[in-house]
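Accompanying notes for the structure given below.
All values reported here derive from a predicted model rather than from experimental measurement. Note on naming: letters A, B, ... go to the chains in the order of the sequence lines (proteins, then strands), and numbering restarts at 1 for each one.
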Number of protein chains: 2
Amino acid sequence: MAETQFDLEGFLPYLLNQAAEAAGREFAAAYRGRYGMTRTQWRVLAHLGRFGALTATEICRRAMEEKTGVSRAVQALEERGWLVRDALAEDRRAEALSLTPAGHDAYQALAAEAIRFDALLRSRLGEERAAGLAEVLTALIGAARD
Amino acid sequence: MAETQFDLEGFLPYLLNQAAEAAGREFAAAYRGRYGMTRTQWRVLAHLGRFGALTATEICRRAMEEKTGVSRAVQALEERGWLVRDALAEDRRAEALSLTPAGHDAYQALAAEAIRFDALLRSRLGEERAAGLAEVLTALIGAARD
DNA sequence: TATTGTTATACTCTATAACTATA
DNA sequence: TATAGTTATAGAGTATAACAATA
């Protein structure tokens, strides 16, 4: 019986993971190195900065994060004075989370870095290939949800 | 001053991470669910199965893994009877790692699953887009090494 | 009964440093 | 001095379950 020919270097989950790690590591310098934030904290900040007030559950759904991680990230951002909680009249179990002015300043600075980094990645690939990459990744993510 | 317009849903590191997590989670069922292996153990098994005897340092370089993780994965595979160490005459600090027949059987089974899963992903995307994706990811990984 | 959010627990992963044996 | 590999430690990520408050 012939050997199964498996090409690890062309295995999509492996390539995806290596590329995600390489890009993530490079950008982590922006939030981890400069602000001492974790990735989950950066994602919470990014969602609140981008979309305004959200509940923790909404952040979990949009960011594909666990509620435990979000709970701890919210706590850390709150202690830092970057985030406030407001009671929701319509459901007293949930809270509306939003950024303080200081939190919004941090978001603005990090969003600007993110835009620069995204542009750097896209320039490395060429705009056409980068746009195609984003489209294919989105398709993969969508397909996995089913 | 205008707000910085940052589109989190188009941010490449974010898309790469979501896609890698989705694909990785789906394939992890093969090695974690069925064999109780960690991802690092699967990667060590895959490299030894694919390339034959390697030293730990060579696995680290090829698989982009930390030497501590590889050291522990090698230990676990050894205890399981899937891997043996052989002294290297030319450098007694290093060891040649290779799979036992049982280890090779496990590799064959997992490699076959990997081939099936890769084919599934490629069929979801279409062969042309999948080939393009692999090429662009390889370029990204290569660019990040510099 | 179900859901929001917190806390506890455990395992994996990542990263660093200290250490040994050898080069 | 430098390298191969092990061990220890700590922080971060992932996953589950138990729990309180509210719906």
* Return the set of residues passing side-chain contact (heavy atoms from CB on, under 4.5 Å) with B:Ala56 (not counting sequence neighbours), or none when no residue passes. => B:Val70, B:Leu97

* **Flag, side chain of A:Thr138 to backbone of A:Ala134, donor-acceptor distance under 3.5 Å** =>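 At least one qualifying donor-acceptor pair exists.
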
* To do: Taking A:Glu58 for its side chain and A:Thr55 for its backbone only, find out whether a donor-acceptor pair lies under 3.5 Å.
  => yes

* **Bending between helix ends of the helix from C:dT1-D:dA23 to C:dA23-D:dT1 [5 pairs per end, 10° resolution]** =>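 The angle separating the two end axes equals 10°.
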
* To do: Can you run down the side chain to side chain donor-acceptor pair (under 3.5 Å) pairs that involve residues 12-37 of chain B, sequence neighbours left out, and say none if there aren't any?
  =>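 Listed by first then second residue: A:Arg39-B:Asn17, B:Tyr14-B:Gln18, B:Asn17-B:Glu21, B:Glu21-B:Arg25, B:Glu26-B:Arg124, B:Arg34-B:Glu113.
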
Using a cut-off of strictly less than 4.0 Å, decide whether [X] has a side-chain nitrogen or oxygen near OP1 or OP2 of [N].
X       : N      : result
A:Thr57 : C:dG5  : yes
A:Ser71 : C:dT6  : yes
B:Thr38 : C:dC11 : no
A:Arg39 : D:dT14 : yes

Any residue meeting side-chain hydrogen bond (donor to acceptor under 3.5 Å, both in side chains) with [X], in chain and number order, not counting sequence neighbours:
X        : answer
B:Arg129 : A:Glu135
B:Arg122 : B:Asp118
B:Glu66  : none

If I take atom [atom1] in residue [X] and atom [atom2] in nucleotide [N], what distance separates them, rounded to the nearest angstrom?
X       : N      : atom1 : atom2 : answer
A:Glu95 : D:dA21 : CD    : P     : 14 Å
B:Glu21 : C:dC13 : CD    : P     : 13 Å
B:Trp42 : C:dT12 : CH2   : P     : 18 Å
B:Met37 : C:dC11 : CE    : P     : 18 Å
B:Leu54 : D:dA4  : CG    : P     : 14 Å
A:Arg61 : C:dG5  : CZ    : C1'   : 16 Å

* To do: Identify whether any heavy atom of A:Glu58 sits under 4.0 Å from a base atom; if not, whether one sits that close to sugar-phosphate; answer base, sugar-phosphate or nothing.
  =>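 Answer is nothing: A:Glu58 stays at 4.0 Å or more from every strand.
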
* **Under the ring pair (Phe, Tyr, Trp, His ring centres under 6.0 Å) test, residues paired with A:Phe117 that sit two or more places apart** => A:Phe27

Please tabulate, one pair per line, all N/O donor-acceptor pairs under 3.5 Å involving side-chain atoms of residues 43-52 of chain B, not counting sequence neighbours.
residue : atom : partner : partner atom : Å
B:Arg43 : NH1  : B:Glu65 : OE2          : 2.6
B:His47 : ND1  : B:Arg43 : O            : 2.9
B:Arg50 : NE   : A:Phe6  : O            : 2.7

* Pairs meeting criterion salt bridge (charged side-chain N to carboxylate O under 4.0 Å, His left out) with involvement of residues 97-106 of chain B, two or more places apart -> none

* Once each nucleotide of nucleotides 15-23 of chain C is scored for protein heavy atoms under 4.0 Å, what B/S/- sequence comes out, 5' to 3'? -> SBB---BBS

Ignoring hydrogens and angles, write down the donor-acceptor pairs under 3.5 Å from the side chains of residues 82-91 of chain B, residues two or more places apart or on other chains.
residue : atom : partner : partner atom : Å
B:Arg85 : NE   : B:Glu78 : OE1          : 3.1
B:Arg85 : NE   : B:Glu78 : OE2          : 3.1
B:Arg85 : NH1  : B:Glu95 : OE1          : 3.1
B:Arg85 : NH2  : B:Glu78 : OE1          : 3.1
B:Asp91 : OD1  : B:Arg93 : N            : 3.0
B:Asp91 : OD1  : B:Arg93 : NE           : 3.2
B:Asp91 : OD2  : B:Arg93 : NH2          : 3.0

* Asked: By a strict heavy-atom criterion of less than 4.0 Å, which residues belonging to residues 75-87 of chain A are in contact with DNA chain C?
  -> A:Gln75, A:Arg85

